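In what follows, a structure is listed as structure tokens, so that the remarks can point back to it.
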Amino acid sequence: QVQLVESGGGLVQPGGSLRLSCAASGTRFNIYRMGWYRQAPGNQRELVAYISSDGSTNYADSVKGRFTISRDNAKNTVYLQMNSLKPEDTAVFYCYVMTVIGRDYWGQGTQVTVSA
């Protein structure tokens, strides 16, 4: 059974920073892609960023230049460094992984709240 353990969410003031982590375990197949989605109240879940096994990355326009995604392949862990946070970044952030056979797995979500 694949498990994704997220950490790093919390409350931060506008302009502040947070770092999310997500460690994957239990997968029988290599992980192709790791990333983060988020969902704010009343909104659909949206892609924040992902990073593939070759190191290529993709970001939502709304976070480009502020967020940085990285991964440690040896640890099956993905990180999301979030800087210059804005109130509109407030959401539940979900980690996801895609294995090389195309199976997706999701974390339980971690709350990020940006407020003064």
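Quantities reported herein were computed from a predicted structural model and do not represent experimental measurements. When reading the values below, keep in mind they use all heavy atoms of this one structure, side chains included, and skip hydrogens, waters and symmetry mates.
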In terms of heavy-atom contacts, Val97 and Met34 come closest through CG1-CE, 3.6 Å
Which pair of heavy atoms, one from Ser84 and one from Ser17, lies closest together, and at what distance?
N-OG, 4.4 Å
Glu6 and Gly109 have their tightest heavy-atom pair at OE1-N, 2.6 Å
Taking a hydrophobic cluster as the set of Ile, Leu, Val, Met, Phe, Trp and Tyr residues connected by side-chain heavy atoms closer than 4.5 Å, whether directly or through intermediates, do Tyr37 and Met82 fall within one such cluster?
no
Minimum heavy-atom separation for Val78 to Cys95, with atom names?
CG1-SG, 4.0 Å
Does the Lys NZ or Arg CZ of Arg71 fall within the cation-pi geometry relative to Tyr79 - under 6.0 Å from the ring centre and within 45° of the axis?
no
Return yes if a side-chain donor-acceptor contact under 3.5 Å exists between Ser52 and Asp54, otherwise no.
no
Which distance, rounded to the nearest 0.5 Å, do you find between the CG of Leu47 and the CG of Asn58?
6.0 Å
Can we say Lys64 and Asp61 salt-bridge, meaning some charged N sits less than 4.0 Å from an Asp/Glu carboxylate O?
yes
Measure the spacing between CZ of Arg28 and OG1 of Thr99 and express it to the nearest 0.5 Å.
10.5 Å
Same apolar cluster: Val92 and Leu80, side chain cutoff 4.5 Å:
no
Counting only heavy atoms not in Asn30, do more than 12 sit closer than 6.0 Å to its CG atom?
no
Scanning both residues in full, the closest heavy-atom pair of Ser115 with Pro14 reads C-CD, 3.6 Å
Hey, what do you get for OG (Ser25) to CG (Asn76), rounding to the nearest 0.5 Å?
8.5 Å
Minimum heavy-atom separation for Leu4 and Gln108, please, with both atom names.
O-OE1, 3.4 Å
Examine distances only and state if a side-chain atom of Ser62 and a backbone atom of Ala60 form a donor-acceptor pair shorter than 3.5 Å.
no
Pairing donors with acceptors under 3.5 angstrom, does anything connect the side chains of Arg38 and Thr90?
no
Does Val112 reach the side chain of Leu18, with side-chain heavy atoms less than 4.5 Å apart?
yes
Expected output: side-chain Asp89 to main-chain Lys86 donor-acceptor under 3.5 Å:
yes
As an exercise, state the distance from CZ of Arg33 to CG of Asp104, rounded to the nearest 0.5 Å.
9.5 Å
Kindly say whether Ile69 contributes a backbone atom to a donor-acceptor pair with the side chain of Tyr59 at under 3.5 angstrom?
yes
Give a yes/no verdict on a cation-pi contact between Arg45 and Tyr94, requiring under 6.0 Å between NZ or CZ and the six-membered ring centre and an angle within 45° of the axis.
yes
When you measure from the side chain of Gln81 to the backbone of Arg19, do you find a donor-acceptor pair of N or O atoms at a distance under 3.5 Å?
no
More than 12 foreign heavy atoms under 6.0 Å from CD of Glu88: is that the case here?
yes
Determine whether the aromatic ring centres of Tyr105 and Tyr96 lie less than 6.0 Å apart.
no
Under a plain distance cut-off of 3.5 Å, with no hydrogens placed, do Thr77 and Asp72 share a side-chain donor-acceptor pair?
no
hydrophobic_cluster_shared for Leu20 and Tyr50, side chain cutoff 4.5 Å
no
Working for ring pair (Phe, Tyr, Trp, His ring centres under 6.0 Å), residues Trp36 and Phe67
CA-CA 11 Å; Trp36 296 89; Phe67 292 8; over 10 Å; no
Give the cluster check for Val2 versus Ile31: same hydrophobic cluster or not, with ILVMFWY residues linked at side-chain heavy-atom distances below 4.5 Å.
yes
